[in-house]
Amino acid sequence: MAAFLPSESRAQTLRVATWAAPLSRDGPGLLLRDIRKGEDAQIAAFVAVLDEVRPDVLLLTDIDWDLEAMALTALIATLRAQGLDYPYHYTARPNAGIPTGLDMDGNGRLGEARDGLGYGRFSGNGGLAIISRYPVGIAEARAFTDLRWRDLPDAVLPLSADGTPFPSEEVQAMQPLSSTAHWVVPITVPEALPIDLMVWSATPPVFDGPEDQNGLRGRDELRLWTKLLDGDFGDPPARFVIAGNANLDPVDGNGFTDAMAAFLNDPRVIDPRPRSAGAEAAADPDHRGDPALDTADWDDGAPGNLRVSYVLPSASLRVVGSGVFWPAPDDPKAALLGDDGLAIGPHRLVWVDIDP
């Protein structure tokens with residue numbers, strides 16, 4: 001199992017990580033408030049774990065977005081004060097929480113969190129952000145966040161019991177594929193060719209009915225990457241890392257597990273299979289997958305621990321290490337996750353070291 005290495009001993013590698021750390025709040029401006037006050041235990045635990053793993057590039061998949069990136073800027077300043085310098089960042093408005101005026105989930109009510117372009121209690125709730133030690137190609141970034149779901153090649157949209165579009169033709173005519181966002185963002189690595197960071201955070205395949213709206217959408221959110229690599233959206237990236245929260249395990253849990261398994265077996269990507277002793281120790285007895293690969297600590301059976309966050313380099317890159325920050329219960333570092341293991345929520349930071 002890969003060990004954590006101080007930055008000076010891995011000077012020739014690039015550590016890319018993703019983390020669904022709970023940096024979202026119940027209303028706009030509250031995350032900025034909590035960061036500035038400097039008293040939030042969750043944020044303190046977040047900083048402590050980041051100080052332990054020290055990724056070079058980190059994708060955050062549950063952080064509130066605001067128009068001037070004030071919360072993200074404040075978070076970066078907090079990290080800098082602790083000796084963690086991320087001078088470059090990228091973020092953009094996600095679909096989460098953007099109101100539509102339509103009944104997007106077909107429950108007969110309007111104005112709820114699920115009636116946005118993507119789930120969210122307010123615009124920007126639970127968005128994406130990249131922070132990096134290396135330059136980020138903001139001008140060259142590509143966003144697929146506005147791509148309509150029905151415009152994805154071979155898209156499978158939900159149907160009502162009578163075979164009509166669910167929840168309505170009007171919704172399907174405008175609904176984007178991305179519940180949060182899909183970005184392709186170049187990262188400039190010293191003495192190496194740029195690497196395209198392909199990032200997303202998909203909707204969980206639950207909280208719907210027999211039409212399986214969320215399950216189908218989450219599967220197609222993953223399939224966008226396959227279509228991009230197939231060349232359906234222009235020349236595909238040659239050197240890339242796909243990172244994010246798929247909300248999909250390749251073996252266990254709800255959703256189209258076979259779609260995740262097939263993607264991990266695509267010869268164009270490398271699955272480093274990051275592992276942790278903590279996940280293995282917390283294994284669900286009824287699960288069929290390797291518990292050491294799990295990245296989220298949920299209650300047994302509902303849905304239980306699952307592998308949902310991924311860092312997948314292209315086959316053109318060389319992987320030299322990987323891991324999930326989930327120490328074994330008897331490891332002193334487990335204290336960073338709190339007595340119940342949930343000091344920073346159920347998700348764990350996933351990292352991969354690459355020789356660029």
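Sequence positions, counted from 1, serve as the residue numbers for this chain.
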Is [X] linked to [Y] within one hydrophobic cluster, defined over Ile, Leu, Val, Met, Phe, Trp and Tyr using a side-chain heavy-atom separation of less than 4.5 Å?
| X | Y | result |
| --- | --- | --- |
| V311 | F325 | yes |
| I138 | Y88 | yes |
| Y86 | L31 | yes |
| V184 | Y90 | no |
| I63 | L84 | yes |

Mark yes or no for whether [X], through its side chain, and [Y], through its backbone, hold a donor-acceptor pair below 3.5 Å.
| X | Y | result |
| --- | --- | --- |
| N265 | A261 | yes |
| T295 | V308 | yes |
| D340 | L342 | yes |
| D115 | G111 | yes |
| R219 | G255 | no |
| T13 | I354 | no |
| R288 | V251 | yes |
| R268 | L229 | yes |
| R142 | H182 | no |
| E211 | G209 | yes |

Are [X] and [Y] close enough for a salt bridge, meaning some N to O gap below 4.0 Å?
| X | Y | result |
| --- | --- | --- |
| R307 | D249 | no |
| R348 | D297 | yes |
| R114 | D105 | no |
| R93 | D66 | no |
| K333 | D331 | no |
| D56 | R15 | no |
| R109 | D103 | no |
| E169 | R150 | yes |
| K37 | D34 | no |
| D154 | K227 | yes |

Separation of [Y] [atom2] from [X] [atom1] (nearest 0.5 Å):
| X | Y | atom1 | atom2 | result |
| --- | --- | --- | --- | --- |
| M198 | L59 | CE | CG | 13.0 Å |
| D220 | L216 | CG | CG | 7.0 Å |
| S132 | L14 | OG | CG | 8.0 Å |
| L75 | I35 | CG | CD1 | 4.5 Å |
| L67 | S123 | CG | OG | 9.0 Å |
| I195 | S316 | CD1 | OG | 8.0 Å |

Decide yes or no for [X] and [Y]: does some side-chain heavy atom of the first lie under 4.5 Å from some side-chain heavy atom of the second?
| X | Y | answer |
| --- | --- | --- |
| L349 | W351 | yes |
| I242 | P313 | no |
| T61 | T180 | no |
| Q82 | D51 | no |
| V189 | P194 | no |
| Q172 | W149 | no |
| P190 | Y134 | yes |
| N247 | T203 | no |

How about [X]: does its [atom1] atom have over 12 heavy atoms from other parts shown lying under 6.0 Å from it?
| X | atom1 | answer |
| --- | --- | --- |
| R36 | CZ | no |
| M70 | CE | no |
| E170 | CD | no |
| D339 | CG | no |

Determine the minimum heavy-atom distance between [X] and [Y], stating which atoms define it.
| X | Y | value |
| --- | --- | --- |
| L117 | P176 | CD2-CD, 3.7 Å |
| W326 | N305 | CH2-ND2, 3.9 Å |
| L222 | A259 | CD2-O, 3.8 Å |
| V350 | V324 | CG2-CG2, 4.2 Å |
| V352 | V319 | CG1-CG1, 3.9 Å |
| N125 | S24 | ND2-CB, 3.7 Å |

request  = Mind running side-chain hydrogen bond (donor to acceptor under 3.5 Å, both in side chains) on S178 and E221 for me, showing each step along the way?
outcome  = CA-CA 6 Å; S178 297; E221 288 188 85; 5.0 Å; no
ask   = Can W183 and L128 be said to form a side chain to side chain contact (heavy atoms under 4.5 Å, CB included), step by step?
value = CA-CA 9 Å; W183 305 329; L128 304 180; 3.5 Å; yes
message = Apply salt bridge (Lys or Arg N to Asp or Glu O under 4.0 Å) to residues R25 and D40 and explain how you reach the verdict.
response = CA-CA 12 Å; R25 297 295 185 265; D40 189 280; 3.6 Å; yes
request  = Go through the steps to decide whether T18 and L58 satisfy the test side chain to side chain contact (heavy atoms under 4.5 Å, CB included), and finish with yes or no.
outcome  = CA-CA 6 Å; T18 187; L58 173 64; 5.7 Å; no
task = Mind running side chain to side chain contact (heavy atoms under 4.5 Å, CB included) on L79 and I131 for me, showing each step along the way?
result = CA-CA 11 Å; L79 294 173; I131 61 175; 3.8 Å; yes
Determine whether the aromatic ring centres of [X] and [Y] lie less than 6.0 Å apart.
| X | Y | value |
| --- | --- | --- |
| W298 | H347 | yes |
| F263 | W225 | no |
| W200 | F144 | no |

Trace of the side chain to side chain contact (heavy atoms under 4.5 Å, CB included) decision for L264 with L312 = CA-CA 8 Å; L264 295 176; L312 304 171; 3.8 Å; yes
request  = Anything under 30° is parallel, anything over 60° is perpendicular, the rest tilted; go ahead and classify W19 against F46.
outcome  =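 The arrangement is parallel - the two ring planes meet at less than 30°.
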